[in-house]
There are 2 protein chains.
Amino acid sequence: MTDTISGALRARPVVPAGPRRGVGIGEVRLDGGFWGTLQETNARATLQHCLDWMERLGWIANFDRVADGTVGTTGEPRPGWQFSDSEVYKLLEAAAWELGRTGDPATEALWTKVVDRVAAAQDDDGYLNTCYGHAGQPGRYTDLSAGHELYCTGHLLQAAVARLRTHGPDLLVEVARRAADQVCREFGPGGRDGLCGHPEIELGLAELGRALGEPRYTEQARVFVERRGHGTLPPIALLGPAYFQDDVPVRDADVWRGHAVRALYLAAGAVDVAVDTDDDDLRAAVERQWTRSVERRTYLTGGMGSRHQDEGFGEDFELPPDRAYCETCAGIASVMVSWRLLLATDDVRYADLIERTLYNVVATSPRTDGRAFFYANPLQQREQGAPMRPDAVNPRAEGGARAPWFDVSCCPTNVARTLASWHTYAAVVEEGAGPDATAVVTLAQYASGDVRVAFGDGELALRVDTTYPESGTVRVEVVAAPVAPVALRLRVPHWADGATLTSAVAAGGADGAVKDAAPGWVEVPGALAAGDVVVLELPVAPRLTWPDPRVDAARGTVAVERGPVVLCLESVDLPDGVALESVRLDVAAGVDAHDDGALVRVRAVGLPDGGTGLPPFASAPPASSAPPASALDVASGTFEVTLVPYHRWAERGPSTMRVFVPTT
Amino acid sequence: MTDTISGALRARPVVPAGPRRGVGIGEVRLDGGFWGTLQETNARATLQHCLDWMERLGWIANFDRVADGTVGTTGEPRPGWQFSDSEVYKLLEAAAWELGRTGDPATEALWTKVVDRVAAAQDDDGYLNTCYGHAGQPGRYTDLSAGHELYCTGHLLQAAVARLRTHGPDLLVEVARRAADQVCREFGPGGRDGLCGHPEIELGLAELGRALGEPRYTEQARVFVERRGHGTLPPIALLGPAYFQDDVPVRDADVWRGHAVRALYLAAGAVDVAVDTDDDDLRAAVERQWTRSVERRTYLTGGMGSRHQDEGFGEDFELPPDRAYCETCAGIASVMVSWRLLLATDDVRYADLIERTLYNVVATSPRTDGRAFFYANPLQQREQGAPMRPDAVNPRAEGGARAPWFDVSCCPTNVARTLASWHTYAAVVEEGAGPDATAVVTLAQYASGDVRVAFGDGELALRVDTTYPESGTVRVEVVAAPVAPVALRLRVPHWADGATLTSAVAAGGADGAVKDAAPGWVEVPGALAAGDVVVLELPVAPRLTWPDPRVDAARGTVAVERGPVVLCLESVDLPDGVALESVRLDVAAGVDAHDDGALVRVRAVGLPDGGTGLPPFASAPPASSAPPASALDVASGTFEVTLVPYHRWAERGPSTMRVFVPTT
């Protein structure tokens, strides 16, 4: 056991080899603000919500039925898809982080109750799955392409890692160790040469290996990464090997493709393996894939996955706003990949994408009350859906309204575990190695609260005050500093041209030096001392963002962003009688006429009936160089309209919506 | 038996009640030209090609195994999907039309051989299906949502109708009659209240009812149409009831939705029922659906189906060129619907859509040699696929290359039966009812050949000479005319502004009267007499066609059409080093600089490396009203490039392609 030594304060999901680490669960305290509020709602509402639904649907009772031997013998179909166990594990992971943060007794009770039932379902040899391997069920590992057994085990391992790091050994950790051992026996040296259709076991094994100091697990994760890409998984119906990334070995691939969550969990696991085995070639491969995928296959929101058909990436520049899939889980998985690459490389672009994705995908999913979620996150809603029934399980990707639960319900528990551990993404710590190396603390994401990082000779304590992203002002006060110098870095996002950093050497110093802060990492000058105050000013004024001209589906449109937040135009904000499809943004009028910190008003034109007066296929006479006059070209009315943060769309009932608005 | 009385000359797929009928298999003779050539290739290559593949894959042998009782007992999975029988029936339907047209002995041998094997598989009570109902197989009608049993039966009935009308009663007709009787017993009065997840039985029953004069079949078709739309079909996985049009009753729906082929076969069957039962409300419902779907959910090519996920219609104006599904079968089904509505209403717009769809969907599917096919017909190909292996079964909708056969292989046999009966769409005959009513012959589609329609008092014989669609000149000579006056109408397509009709009363008359012919039906003036010549001049010069501004995915682009043919830009025609994604059409230069009748050269600009010089998310500073300068805005080279007919793209090896080209 190597990991709990540093104590629960430093507990965090990813603990790679290498000089950098994220801050721990006890090193950051959020006080309200954007993320603190989401985290509190998650703790107060979402965990219990998920538990209630899984009890109601019988997904937790599946474990009881394995324990009492009735699971495959009742004559009734087992509730849930073959991967429903994983939702229970993700809920446990969320509970473990919450417990580490708050020690809340109700969450502790949830933990104990569910873990007991999970543990009772484990077979004597460590195998644990409620869908396979028992009387009346298909045999173990008989359907590696679609069975999700190792996927479920991976999530079990991640839950155990959270518990181990926030609490220490307990029943779930022991269950996970036995499950991991069973996987290593089954798929390790002398075992079968198989892999799982849905990557995830790689992540779980790598991290449990780190947490328990067990190199066999790391090695098994490495083996699973290397086995993929050789076309050995039997295809699922019409889905080819690219669907589960079995088409090209990870180290040879140039871009992400196929099912987005699978591609990204695999990439995250590959970084874990690369870092722990010093495999620079593998790490460089994932960086290369990240670069091309972000440049060509990623939405403005950070969302990934252009296709509903296979929940997958599209081809380069295939980024339709209306049919964007942008699964919430893919956004979370993208954050996981970028976080690992950030720790591995210190490249600020990974922190930039994390911010973009957190604000515009992860935060978009949960409803304000934490009891309904988006599964898909399209950038355009053409038809107004019906209000979501509060008691109904929903198909996963339809409707334009957040749903309480899904038939395939991977997103709610994924949101829960991500929000519960959110602040571990807030800062990066690099403890100076050797006698003369300076430690570095980097604020990667901004939120009001306290950061306290202990060094051998004292603590760096920071007080962060900000209403970011509403305001672009981030004030950081040094409350305490260790004896040896520590460097403090702040992140200037890629969009923040014109940012400034003001330093005041003594508390209350009003006339500190102002320096320009170019996008990237900016280091606070001088030695830190208690009472120092630095103020970062990020220009969050609304700005026009033009799509790459190769994105055919967004040609002739523009988006508006404000700081890290993508805005959108929702039909409920339009004047009476104006259809969303008829609105054109008047870019010449600018986009910051009214900016109250969250809402932005812009000038637009529209036609009351939304019609065009054109036949379906409008032909111009030969030699005509202009489109025929359309009613839409006539500004029948100019009006100001409010743009709202995309992450809060559909909170006011069914609507239509678009992020990319055609221009005049 | 009512239908064979008029003889094989008049044999045709659709024989509704009502005053209008299509011309029969023997009333039109094509001599080469666009459709004649396709039809000859179909006869010479495609029929045998389909037979060979179905023999090779065991889809025909499935019938043998039912006949000898081994089908469900071998321990090996039955080859083919549950609907593979329907491919055999569609091939038989194609063979029947071919036999009616040519009497070719090799086709007769094919017919006899396959029909004998099909007939041997029929159960004693008339049930006929190789996937259900025998020892070791699922029971009959146990999976109405996905089983396709009635769908297969519908195609059996259509094949029998073709045989009955071109030949008369034979073994297949008897097989079909017994199968139809079994369906009526099972699902008729006193039987089960079910319907098939895939419409088609409605079409088959309606037409067999017409062909055999059997009102029970018509009634059963009516019952199936009315049963749909009440949400009684169990859902298939995540696909809701709209997938198979079980969400809204046919007579209440406003637009087509869900799986496109299903929606369109249902609509065609509903028109058959509406016409035969004088149900104007039902017919008006399909007309209403046609109008909205064509205006808002149909591609420029006439293609229908915007989504791969469910092979379905998208929402209004959701028409992405790159992910257009536009299944070949949906194009054929659309022609079937429009043809029935044309006969029912005489509205020219149905003939216009038929032409658009025939040239740009149906003709696009088969390779020139008739031995490979497109399943999906997207209007943009982003990535260049690999060459298709000539011996490989292909997933159905990928690759940008025509494939010899598909895993789900509905399209090749559907193309075969459509081309074999193509000329029955060429003209409409309305025999004057009552003593003083004038008969009308209408040329709905243009092709070189002879039309001979017998009336009681003589024959109207026409000689049509044209190289349409290369040329817009259609010369029609009256070779013979009956005693009583017959009106002759020609179609002026909706795009043909400026068309003229020149009439010469005597053969060789050079100075006939020229009159403007507005889009719609144009009637040849005066009484027809042998020797009369009329010349229709349709302006087929290339023209720009602008997408509806509500089609987001085509904003800022333009297409070029030439007559009824949609053109496209294919990468193989670009100058070296110019990427398709970097090309912008110079609309100011016009589109008819060079027009050789098929190929069109246009001016374009492009950037050699296809790059843009922009970061993935290009933000302009606040208040900027113009997109940042992109390398694409700089015309680094102006060149002329050839546009080719869309229906012939991908004939020169893998390429990228687009119909809608961005403008300068």
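Convention: sequence-line order gives letters A, B, ...; per-chain numbering from 1. For the numbers below, each heavy atom of this structure counts, side chains included, while hydrogens, waters and symmetry mates do not.
- Side-chain contact between B:R550 and A:P662: absent, with no pair of heavy atoms (C-beta onward) separated by less than 4.5 Å.
- Note that CD of B:E315 is 9.5 Å distant from CD of A:Q380, once rounded to the nearest 0.5 Å.
- Across all their heavy atoms, B:D322 and A:E318 have their closest contact at OD2-CG, 3.4 Å.
- The ring pair (Phe, Tyr, Trp, His ring centres under 6.0 Å) test applied to B:F317 returns no partner, not counting sequence neighbours.
- Here A:L580 pairs with A:L569, A:L574, A:T656, A:R658 under the side-chain contact (heavy atoms from CB on, under 4.5 Å) rule; sequence neighbours left out.
- Evaluated for a side chain to side chain donor-acceptor pair (under 3.5 Å) with A:Q309, the options B:Q309, B:R323, B:R307 yield exactly one hit, B:R323.
- Between B:D552 and A:R382, the closest side-chain pair of non-hydrogen atoms falls below 4.5 Å.
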